[in-house]
Amino acid sequence: MRFIVSSTALSNRLVALARVINSKNSLPILGDFLFEVVDGKLNLTASDSEVMMKTSLDLTENDGNGRFCVGSHDLLEAVKGISEQPITVDVNQNDNIAKISYQNGMFSLPVENADEFPQPQQISDGATTINIATDILADNINRSIFATAQDELRPVMNGIYFDLTAEYLAIVASDGHKLVRNKVLNIHSDQPASFILPKKPASLLKGVLGKQGGDVVIRFDERNAEINFEDGIIICRLIEGRFPNYNSVIPQNNPNQLTVDRQGLLAALRRVQPFSNDSSNLIRFHVENGTLQLDAEDYDFSKTATEKMMCDYNGMPMSIGFKGSSFIEILSNFDCEQVIIQLADPSRAGLVLPSEQPENQDVLMLMMPMLIND
């Protein structure tokens, strides 16, 4: 079998697929790419047994169909170094060798039997389908993934929760200390359904969706999901279990509201945070009479920092503590000019919202407070 393909197109696809492959694998074949030539197209697949990603590209020329596996590391490193040009792949499946020729040279690699490559998980006939615009899904994953947990005791917190209701599609992530809830208001269903997408396929989607248009089609059942996008497909095993009731932790009445420049607050927090205690990372927010004051202190090392900035505040004077690094993450995952921070009292969660919501969406982030010593 012989085929010719663009070196850049092949390299770009292999770089994306390589993120699926683990550094250590239970089966040697999981360290390979699966190549399948079918009617003028090259289909490429990578798998770690729980997540499988497929993509395809058009061939310049080919003389037959076939399939084989080849080790990912050596092939990827070799192809990445070739400038844009056609490369020719000759596969001798009797000798189990693939020869790759290009303008100034060639190299050969052993190939393996494609029949040993794992089969994709099957989605049941009664699967639920969600159609969502690529840019909206990409934005929501980018905005949520930082809030996922790494908790062996509560694995349901280690992914992004998709909750399809009669009113909206909610995309939620939480580690128990911070929470992100996105509502996509123009996607809903009379048949409620939900699933928890693990962090790895979410990260893969984050990497591949940014430059694409069109819609993403998500099909899922109780165990697996199939996510079709412009350049390929991801099939993955879902996290099983019940996600906590996220609505119950979101306070409905936070009467004290301040509006502040997002970039200004972000910069101030980054300046003050290094002076906080390394273990707690506590930043004290004091708001009164249109002024927000940030205080950090680490008396063990005789370090303190204070910074004030103007804000628009409607409410009682208040001091409340937040974890600095987490608040920086929250502000970094908005793209608005101003944020609204809604507070009730120093013991209850604070809400952070964009000053202007994205079209057909309702975005909210929640931050649990920390105890401060007055």
Side-chain angles (χ1 to χ4, degrees), residues 19-20 22 48-51 121 128 130 132 136-165 168-184 187 192-207 209 218 220-227 234-252 279-282 321-334 347-353 361-371:
R19 296 176 61 208
V20 178
N22 295 327
D48 69 357
S49 79
E50 293 196 351
V51 180
Q121 302 290 332
T128 302
I130 297 174
I132 183 170
I136 291 177
L137 180 60
D139 287 346
N140 278 278
I141 290 176
N142 290 343
R143 198 157 43 226
S144 305
I145 197 166
F146 83 94
T148 55
Q150 292 181 318
D151 191 336
E152 293 181 0
L153 298 179
R154 295 186 298 172
V156 294
M157 309 290 278
N158 299 343
I160 298 177
Y161 181 53
F162 287 70
D163 185 20
L164 183 62
T165 74
Y168 51 78
L169 169 67
I171 300 174
V172 184
S174 177
D175 63 2
H177 302 285
K178 55 185 179 288
L179 177 144
V180 178
R181 189 217 59 199
N182 311 277
K183 288 182 180 178
V184 184
I187 298 177
S194 62
F195 68 93
I196 306 172
L197 183 68
K199 193 178 300 186
K200 183 172 182 177
S203 297
L204 292 169
L205 285 168
K206 178 181 176 181
L209 291 181
I218 304 172
F220 64 94
D221 56 24
E222 292 181 352
R223 293 195 172 187
N224 303 298
E226 178 184 281
I227 304 167
I234 290 175
I235 302 169
C236 65
R237 189 168 296 158
L238 300 173
I239 297 175
E240 296 185 41
R242 182 183 294 275
F243 197 83
N245 182 356
Y246 58 91
N247 284 315
S248 68
V249 302
I250 299 173
Q252 300 303 309
S279 59
S280 68
N281 203 223
L282 170 66
F322 290 113
K323 186 173 183 178
S325 58
S326 294
F327 216 101
I328 286 172
E329 285 182 311
I330 283 178
L331 294 175
S332 299
N333 282 281
F334 283 111
S347 64
R348 294 176 60 192
L351 301 180
V352 187
L353 301 86
Q361 295 185 67
D362 183 355
V363 178
L364 173 151
M365 300 195 191
L366 176 149
M367 186 76 192
M368 296 301 294
M370 300 178 70
L371 181 66

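Every heavy atom of this structure was used, including side-chain atoms; hydrogens, water molecules and symmetry mates were not.
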Inset, instruction - Working to the nearest 0.5 Å, report the span between CG of N247 and CZ of R181. - result: 6.5 Å
Inset, instruction - For the residue pair Y246 and Y161, categorise the inter-ring angle as parallel (less than 30°), tilted (30 to 60°) or perpendicular (more than 60°). - result: perpendicular
Inset, instruction - Taking atom NZ of K183 as the centre, report whether more than 12 heavy atoms of other residues, nucleotides or ligands fall under 6.0 Å from it. - result: yes
Legend entry - Heavy-atom closest pair, residues F334 and V363: CE2-CG1, 3.9 Å
Inset, instruction - In sequence, state the C-alpha distance, the side-chain angles, and the governing distance for Q361 and N140, and then conclude on side chain to side chain donor-acceptor pair (under 3.5 Å). - result: CA-CA 10 Å; Q361 295 185 67; N140 278 278; 3.1 Å; yes
Legend entry - Least distance between heavy atoms, F220 atom then S194 atom: CE1-O, 3.7 Å
Legend entry - Over all atoms of both residues, closest heavy-atom pair of S174 and G176: OG-N, 3.1 Å
Inset, instruction - Search all heavy atoms of A173 against all heavy atoms of A147 and return the closest pair with its distance. - result: O-CB, 3.8 Å
Inset, instruction - Locate the shortest heavy-atom distance separating G321 from L282; write the atom from each residue and the value. - result: CA-CD1, 3.6 Å
Inset, instruction - Give, for atom CG of L238 and atom CG of L197, the distance between the pair rounded to the nearest 0.5 Å. - result: 7.0 Å
Inset, instruction - May I ask you to decide if S203's main-chain N or O and R19's side chain share a donor-acceptor pair within less than 3.5 Å? - result: yes
Inset, instruction - Give a yes or no answer on whether the side chain of K199 reaches the backbone of A149 with a donor-acceptor pair at less than 3.5 Å. - result: yes
Inset, instruction - Report the distance from atom CE of M157 to atom CD1 of I239, rounding to the nearest 0.5 Å. - result: 11.0 Å
Legend entry - Within-4.5 Å side-chain heavy-atom neighbours: F195 and I218: yes
Inset, instruction - May I ask you to check whether over 12 heavy atoms, not counting those of E240, lie within 6.0 Å of atom CD? - result: yes
Legend entry - From I136, L164, N182, residue fulfilling side-chain contact (heavy atoms from CB on, under 4.5 Å) relative to L169: L164
Inset, instruction - Could you check K178, M370, H177 and say which one makes a side-chain contact (heavy atoms from CB on, under 4.5 Å) with S326? - result: K178
Legend entry - Between CD1 on residue I330 and NZ on residue K323, distance to nearest 0.5 Å: 11.5 Å
Inset, instruction - Look up atom CD1 in I250 and atom CE in M365, then write down how far apart they are to the nearest 0.5 Å. - result: 12.0 Å
Inset, instruction - Please work out whether the ring planes of F327 and F322 are parallel, tilted or perpendicular, with thresholds of 30° and 60°. - result: tilted
Inset, instruction - Would you check if the side chain of K200 reaches a backbone N or O of V20 as a donor-acceptor pair within less than 3.5 Å? - result: yes
Inset, instruction - Report the distance from atom CD of Q121 to atom CD1 of I235, rounding to the nearest 0.5 Å. - result: 8.5 Å
Legend entry - Any S144 side-chain heavy atom under 4.5 Å of N333 side chain: no
Inset, instruction - Specify the closest pair of heavy atoms between R154 and D175, including all atoms of both residues, with the distance to one decimal. - result: NH2-O, 4.1 Å
Inset, instruction - Among I160, N158, V172, find the residue that satisfies the side-chain contact (heavy atoms from CB on, under 4.5 Å) test when tested with T148. - result: I160
